[in-house]
Amino acid sequence: MEIPYTTEPRADTGLYNAKMGIWLFIASEIMLFGGLLSGYVFMRMGLPGWPAPGEVLDVPLATLNTLILITSSITMVMSWTSLKVDDFRKFRNYLVATIILGVVFLVVKSVEYNDKLGHEYYPSTSNFFAIYYVLTGVHFLHIVAGIVVMLYHLATGGRIWKRNAAQFTNRIEVTGLYWHLVDLVWIFLFPSLYLI
Amino acid sequence: MNEAASQLTEHEAEVRRTARAHVTTGVIIGMIALAAVYVSSLDLPLAQRAAAILFLAFTQGFIILWHTMHLKKELSPARRLIGVTMLLVAFLFALTIWTYGDPLEGSKYTDAPGVVEDVEEER
(Lines give C-alpha, C1' and ligand atoms only; values in the text may rest on other atoms or scores of the structure.)
Protein backbone atom coordinates (compact mmCIF):
# COMPACT_ATOMS: atom_id res chain seq x y z
CA MET A 1 0.00 0.00 0.00
CA GLU A 2 1.33 3.41 -0.90
CA ILE A 3 1.77 6.01 1.82
CA PRO A 4 -0.61 8.91 1.15
CA TYR A 5 0.36 12.61 1.05
CA THR A 6 4.06 12.15 0.34
CA THR A 7 3.86 14.59 -2.55
CA GLU A 8 0.38 16.11 -2.61
CA PRO A 9 -0.89 18.16 0.37
CA ARG A 10 -3.71 17.00 2.62
CA ALA A 11 -6.85 19.01 2.08
CA ASP A 12 -7.36 19.82 5.77
CA THR A 13 -3.80 20.88 6.66
CA GLY A 14 -2.62 22.09 3.27
CA LEU A 15 0.69 20.31 3.95
CA TYR A 16 2.27 17.06 2.79
CA ASN A 17 3.51 14.63 5.47
CA ALA A 18 7.16 15.67 5.55
CA LYS A 19 6.31 19.36 5.74
CA MET A 20 3.91 18.81 8.62
CA GLY A 21 6.68 16.85 10.34
CA ILE A 22 9.32 19.52 9.82
CA TRP A 23 7.04 22.29 11.13
CA LEU A 24 6.44 20.22 14.27
CA PHE A 25 10.19 19.70 14.58
CA ILE A 26 10.85 23.42 14.05
CA ALA A 27 8.33 24.21 16.81
CA SER A 28 10.24 21.88 19.18
CA GLU A 29 13.52 23.52 18.17
CA ILE A 30 12.11 26.98 18.91
CA MET A 31 11.25 25.66 22.39
CA LEU A 32 14.77 24.24 22.84
CA PHE A 33 16.59 27.41 21.82
CA GLY A 34 13.94 29.60 23.46
CA GLY A 35 14.65 27.84 26.76
CA LEU A 36 18.42 28.20 26.33
CA LEU A 37 18.14 31.89 25.39
CA SER A 38 15.82 32.43 28.34
CA GLY A 39 18.53 30.90 30.56
CA TYR A 40 20.98 33.36 29.00
CA VAL A 41 18.67 36.31 29.81
CA PHE A 42 18.26 34.96 33.35
CA MET A 43 22.01 34.88 33.97
CA ARG A 44 22.74 38.08 32.05
CA MET A 45 20.28 40.11 34.11
CA GLY A 46 21.31 38.64 37.43
CA LEU A 47 25.06 38.86 37.19
CA PRO A 48 27.35 41.87 37.28
CA GLY A 49 30.58 41.97 35.29
CA TRP A 50 29.24 40.68 31.97
CA PRO A 51 31.89 41.26 29.24
CA ALA A 52 31.28 44.18 26.86
CA PRO A 53 30.84 43.48 23.11
CA GLY A 54 34.17 42.56 21.55
CA GLU A 55 35.91 42.35 24.90
CA VAL A 56 36.42 38.59 24.88
CA LEU A 57 34.67 37.40 21.71
CA ASP A 58 35.77 38.06 18.15
CA VAL A 59 33.02 40.19 16.53
CA PRO A 60 34.54 40.39 12.98
CA LEU A 61 34.91 36.60 12.85
CA ALA A 62 31.31 36.10 14.03
CA THR A 63 30.09 38.70 11.50
CA LEU A 64 31.87 36.76 8.78
CA ASN A 65 30.15 33.58 9.98
CA THR A 66 26.77 35.34 9.94
CA LEU A 67 27.27 36.36 6.31
CA ILE A 68 28.45 32.83 5.42
CA LEU A 69 25.31 31.32 6.94
CA ILE A 70 23.00 33.80 5.21
CA THR A 71 24.70 33.03 1.88
CA SER A 72 24.28 29.30 2.51
CA SER A 73 20.57 29.89 3.06
CA ILE A 74 20.38 31.52 -0.37
CA THR A 75 22.25 28.65 -2.08
CA MET A 76 19.93 26.18 -0.32
CA VAL A 77 16.86 27.94 -1.75
CA MET A 78 18.52 28.03 -5.18
CA SER A 79 19.08 24.25 -5.06
CA TRP A 80 15.37 23.74 -4.37
CA THR A 81 14.27 26.13 -7.13
CA SER A 82 16.64 24.32 -9.54
CA LEU A 83 14.72 21.10 -8.91
CA LYS A 84 11.46 22.98 -9.50
CA VAL A 85 12.64 23.68 -13.06
CA ASP A 86 13.98 20.11 -13.47
CA ASP A 87 17.65 21.14 -13.52
CA PHE A 88 19.32 18.41 -11.47
CA ARG A 89 22.88 19.46 -12.38
CA LYS A 90 22.32 22.97 -11.05
CA PHE A 91 20.68 21.51 -7.94
CA ARG A 92 23.82 19.49 -7.21
CA ASN A 93 26.05 22.52 -7.67
CA TYR A 94 23.99 24.66 -5.31
CA LEU A 95 23.76 21.87 -2.74
CA VAL A 96 27.55 21.38 -2.86
CA ALA A 97 27.95 25.16 -2.39
CA THR A 98 25.64 24.99 0.66
CA ILE A 99 27.65 22.13 2.15
CA ILE A 100 30.93 23.97 1.56
CA LEU A 101 29.57 27.13 3.21
CA GLY A 102 28.35 25.03 6.16
CA VAL A 103 31.79 23.48 6.52
CA VAL A 104 33.45 26.93 6.31
CA PHE A 105 31.13 28.09 9.12
CA LEU A 106 32.27 25.14 11.25
CA VAL A 107 35.94 25.81 10.48
CA VAL A 108 35.62 29.50 11.44
CA LYS A 109 33.78 28.52 14.62
CA SER A 110 36.46 25.95 15.44
CA VAL A 111 39.15 28.62 14.98
CA GLU A 112 37.24 30.78 17.45
CA TYR A 113 36.86 27.92 19.95
CA ASN A 114 40.54 27.12 19.60
CA ASP A 115 41.46 30.76 20.32
CA LYS A 116 39.21 30.84 23.41
CA LEU A 117 40.55 27.55 24.74
CA GLY A 118 44.10 28.77 24.02
CA HIS A 119 43.42 31.74 26.31
CA GLU A 120 42.13 29.29 28.92
CA TYR A 121 38.51 30.36 28.57
CA TYR A 122 36.68 27.15 29.43
CA PRO A 123 32.96 26.58 30.14
CA SER A 124 33.95 26.50 33.81
CA THR A 125 35.72 29.90 33.59
CA SER A 126 32.59 32.00 34.12
CA ASN A 127 28.82 32.01 33.65
CA PHE A 128 29.30 33.93 30.40
CA PHE A 129 31.55 31.24 28.92
CA ALA A 130 29.29 28.47 30.24
CA ILE A 131 26.29 29.83 28.36
CA TYR A 132 28.44 30.80 25.35
CA TYR A 133 29.76 27.26 24.89
CA VAL A 134 26.34 25.67 25.46
CA LEU A 135 24.46 27.95 23.01
CA THR A 136 27.07 27.93 20.25
CA GLY A 137 27.85 24.23 20.83
CA VAL A 138 24.23 23.14 20.39
CA HIS A 139 24.02 25.33 17.28
CA PHE A 140 27.31 23.81 16.00
CA LEU A 141 25.80 20.32 16.32
CA HIS A 142 22.74 21.45 14.35
CA ILE A 143 25.01 22.61 11.52
CA VAL A 144 26.79 19.23 11.55
CA ALA A 145 23.43 17.43 11.39
CA GLY A 146 22.31 19.61 8.45
CA ILE A 147 25.53 18.86 6.55
CA VAL A 148 25.10 15.10 7.14
CA VAL A 149 21.54 15.23 5.73
CA MET A 150 22.69 17.23 2.69
CA LEU A 151 25.55 14.78 2.05
CA TYR A 152 22.97 11.97 2.13
CA HIS A 153 20.85 13.80 -0.45
CA LEU A 154 23.93 14.38 -2.57
CA ALA A 155 24.84 10.67 -2.46
CA THR A 156 21.38 9.19 -3.04
CA GLY A 157 19.61 12.09 -4.78
CA GLY A 158 20.16 10.95 -8.37
CA ARG A 159 18.48 7.60 -7.78
CA ILE A 160 15.49 9.06 -5.89
CA TRP A 161 15.12 11.88 -8.41
CA LYS A 162 14.76 9.33 -11.25
CA ARG A 163 12.24 7.27 -9.27
CA ASN A 164 10.07 10.08 -7.89
CA ALA A 165 11.10 13.62 -8.75
CA ALA A 166 8.25 15.32 -6.85
CA GLN A 167 9.03 13.47 -3.62
CA PHE A 168 12.73 14.30 -3.86
CA THR A 169 11.93 17.99 -4.48
CA ASN A 170 9.81 17.94 -1.32
CA ARG A 171 12.66 16.36 0.65
CA ILE A 172 14.97 19.16 -0.43
CA GLU A 173 12.34 21.74 0.52
CA VAL A 174 12.07 20.20 4.00
CA THR A 175 15.87 20.07 4.36
CA GLY A 176 15.92 23.72 3.31
CA LEU A 177 13.41 24.62 6.02
CA TYR A 178 15.67 22.98 8.62
CA TRP A 179 18.70 24.85 7.24
CA HIS A 180 16.83 28.18 7.41
CA LEU A 181 15.96 27.40 11.04
CA VAL A 182 19.65 26.94 11.80
CA ASP A 183 20.23 30.34 10.15
CA LEU A 184 17.35 31.84 12.15
CA VAL A 185 18.80 30.57 15.44
CA TRP A 186 22.20 32.09 14.63
CA ILE A 187 20.49 35.41 13.79
CA PHE A 188 19.49 35.55 17.49
CA LEU A 189 22.63 33.99 19.00
CA PHE A 190 24.98 36.39 17.20
CA PRO A 191 23.56 39.65 18.63
CA SER A 192 22.82 38.11 22.05
CA LEU A 193 26.35 36.84 22.63
CA TYR A 194 28.53 39.16 20.54
CA LEU A 195 26.79 42.50 20.15
CA ILE A 196 24.81 43.33 23.30
CA MET B 1 1.36 21.36 -27.24
CA ASN B 2 1.92 25.12 -27.45
CA GLU B 3 -0.30 25.62 -24.41
CA ALA B 4 1.76 23.07 -22.41
CA ALA B 5 4.99 24.79 -23.48
CA SER B 6 3.72 28.22 -22.47
CA GLN B 7 2.55 26.81 -19.12
CA LEU B 8 6.04 25.42 -18.52
CA THR B 9 7.59 28.77 -19.37
CA GLU B 10 5.16 30.47 -17.02
CA HIS B 11 6.11 27.98 -14.29
CA GLU B 12 9.80 28.57 -14.97
CA ALA B 13 9.30 32.33 -14.86
CA GLU B 14 7.47 32.00 -11.52
CA VAL B 15 10.29 29.86 -10.06
CA ARG B 16 12.91 32.31 -11.29
CA ARG B 17 10.96 35.20 -9.74
CA THR B 18 10.90 33.27 -6.43
CA ALA B 19 14.65 32.64 -6.66
CA ARG B 20 15.34 36.34 -7.32
CA ALA B 21 13.12 37.30 -4.37
CA HIS B 22 15.10 34.94 -2.12
CA VAL B 23 18.44 36.42 -3.19
CA THR B 24 17.10 39.93 -2.48
CA THR B 25 15.81 38.78 0.92
CA GLY B 26 19.23 37.28 1.73
CA VAL B 27 20.99 40.53 0.82
CA ILE B 28 18.57 42.52 3.03
CA ILE B 29 19.15 40.15 5.98
CA GLY B 30 22.92 40.48 5.51
CA MET B 31 22.67 44.30 5.45
CA ILE B 32 20.61 44.27 8.66
CA ALA B 33 23.28 42.05 10.30
CA LEU B 34 25.95 44.60 9.36
CA ALA B 35 23.74 47.41 10.68
CA ALA B 36 23.49 45.54 14.01
CA VAL B 37 27.30 45.30 14.17
CA TYR B 38 27.51 49.05 13.51
CA VAL B 39 24.96 49.82 16.27
CA SER B 40 26.97 47.62 18.63
CA SER B 41 30.09 49.69 17.94
CA LEU B 42 28.31 52.94 18.92
CA ASP B 43 28.78 54.24 22.43
CA LEU B 44 25.18 53.71 23.57
CA PRO B 45 23.81 52.84 27.03
CA LEU B 46 23.17 49.09 27.43
CA ALA B 47 19.35 49.37 27.37
CA GLN B 48 19.32 51.42 24.15
CA ARG B 49 21.91 49.19 22.48
CA ALA B 50 19.99 46.04 23.44
CA ALA B 51 16.66 47.49 22.26
CA ALA B 52 18.08 48.58 18.87
CA ILE B 53 19.97 45.33 18.24
CA LEU B 54 17.06 43.12 19.31
CA PHE B 55 14.71 45.10 17.07
CA LEU B 56 17.04 44.40 14.13
CA ALA B 57 17.35 40.71 15.10
CA PHE B 58 13.57 40.29 15.33
CA THR B 59 13.17 42.03 11.95
CA GLN B 60 15.64 39.54 10.44
CA GLY B 61 13.87 36.65 12.18
CA PHE B 62 10.49 37.75 10.83
CA ILE B 63 11.83 38.08 7.28
CA ILE B 64 13.41 34.59 7.41
CA LEU B 65 10.31 32.94 8.89
CA TRP B 66 7.77 34.75 6.73
CA HIS B 67 9.56 34.90 3.36
CA THR B 68 12.51 32.48 3.25
CA MET B 69 10.68 29.70 5.10
CA HIS B 70 7.45 30.52 3.19
CA LEU B 71 5.30 30.72 6.32
CA LYS B 72 3.42 33.44 4.44
CA LYS B 73 2.20 30.85 1.92
CA GLU B 74 1.37 28.07 4.39
CA LEU B 75 -2.17 27.40 5.53
CA SER B 76 -3.28 27.96 9.12
CA PRO B 77 -2.04 24.70 10.83
CA ALA B 78 1.63 25.53 10.32
CA ARG B 79 1.12 29.19 11.21
CA ARG B 80 -0.84 28.29 14.35
CA LEU B 81 1.79 25.75 15.38
CA ILE B 82 4.65 28.22 15.09
CA GLY B 83 2.55 31.10 16.45
CA VAL B 84 1.56 29.27 19.65
CA THR B 85 5.13 28.02 20.17
CA MET B 86 6.56 31.50 19.80
CA LEU B 87 3.91 32.88 22.14
CA LEU B 88 4.94 30.32 24.78
CA VAL B 89 8.61 31.19 24.32
CA ALA B 90 7.76 34.92 24.60
CA PHE B 91 5.86 34.09 27.81
CA LEU B 92 8.96 32.28 29.12
CA PHE B 93 11.09 35.35 28.32
CA ALA B 94 8.58 37.70 29.95
CA LEU B 95 8.48 35.50 33.04
CA THR B 96 12.28 35.45 33.22
CA ILE B 97 12.48 39.23 33.06
CA TRP B 98 9.49 39.68 35.42
CA THR B 99 11.03 37.56 38.20
CA TYR B 100 13.78 40.17 38.51
CA GLY B 101 11.20 42.66 39.71
CA ASP B 102 9.94 40.11 42.22
CA PRO B 103 11.29 40.60 45.73
CA LEU B 104 10.61 36.97 46.76
CA GLU B 105 13.64 35.18 48.17
CA GLY B 106 14.87 32.52 45.78
CA SER B 107 13.41 34.09 42.63
CA LYS B 108 16.74 35.49 41.44
CA TYR B 109 19.61 33.57 39.91
CA THR B 110 21.96 35.10 42.48
CA ASP B 111 19.81 33.65 45.30
CA ALA B 112 21.09 30.17 44.45
CA PRO B 113 23.51 28.79 47.05
CA GLY B 114 27.11 29.70 46.33
CA VAL B 115 26.39 32.15 43.48
CA VAL B 116 26.76 35.33 45.57
CA GLU B 117 30.09 34.12 46.93
CA ASP B 118 31.28 33.33 43.39
CA VAL B 119 30.22 36.76 42.14
CA GLU B 120 31.98 38.50 45.00
CA GLU B 121 35.07 36.44 44.37
CA GLU B 122 34.99 37.45 40.66
CA ARG B 123 34.81 41.11 41.73
* Asked: At a heavy-atom separation under 4.5 Å, does A/Phe190 approach chain B through its side chain, its backbone, both, or neither?
  -> side chain

* Are B/Val23 and B/Ile32 connected in a single hydrophobic cluster, I mean Ile/Leu/Val/Met/Phe/Trp/Tyr linked by side-chain heavy atoms less than 4.5 Å apart? -> no

* To do: Look at A/Leu24, A/Val59, A/Thr71 and state which one has the largest set of heavy-atom pairs under 4.5 Å with chain B.
  => A/Leu24

* Could you check which of A/Thr75, A/Asp183, A/Leu37 has the highest count of heavy-atom pairs closer than 4.5 Å to chain B? => A/Leu37

* To do: With a 4.5 angstrom heavy-atom cut-off, could you sort out which part of A/Ile70 is near chain B: side chain, backbone, both or neither?
  => side chain

* Structure fact -> When every non-hydrogen atom of A/Thr7 is compared with those of A/Gln167, the smallest separation belongs to CG2-N, 3.5 Å

* To do: Measure A/Met31 against the heavy atoms of chain B and call it side chain, backbone, both or neither at under 4.5 Å.
  => both

* Minimum heavy-atom separation for A/Leu95 to A/Met76, with atom names? -> CD1-CE, 3.9 Å

* Asked: Side chain, backbone, both or neither: which part of A/Ile74 has an atom under 4.5 Å from a heavy atom of chain B?
  -> side chain

* Quick one: does NZ or CZ of A/Lys109 land under 6.0 Å from the six-membered ring centre of A/Tyr113, within 45 degrees of the ring axis? -> yes

* Structure fact -> Whatever's closer than 4.5 Å to a heavy atom in chain B on A/Leu67 counts as side chain

* To do: Would you mind reporting whether A/Glu173 and A/Leu83 have side-chain heavy atoms less than 4.5 Å apart?
  => no

* With the side chain counted from C-beta on, respond yes when A/Tyr40 and A/Leu193 share a heavy-atom pair under 4.5 Å apart, and no when they do not. => yes

* Assign the ring pair A/Tyr132 / A/Phe129 to parallel, tilted or perpendicular, where the plane angle (0 to 90°) is split at 30° and 60°. => perpendicular

* To do: Would you check if the distance from the ring center of A/Phe105 to the ring center of A/Trp186 is below 6.0 Å?
  => yes

* To do: Check each atom of B/Leu34 against the heavy atoms of chain A and say whether the ones under 4.5 Å are side chain, backbone, both or neither.
  => side chain

* **Contact origin within A/Trp80 toward chain B - heavy atom pairs under 4.5 Å** => side chain

* Asked: What part of A/Thr66 gets closer than 4.5 Å to chain B, counting heavy atoms only: side chain, backbone, both or neither?
  -> side chain

* Residue part contacting chain B, namely of A/Leu181, when any heavy atom lies under 4.5 Å -> both

* Give, as side chain, backbone, both or neither, the part of B/Ile29 having an atom under 4.5 angstrom from any heavy atom of chain A. => both

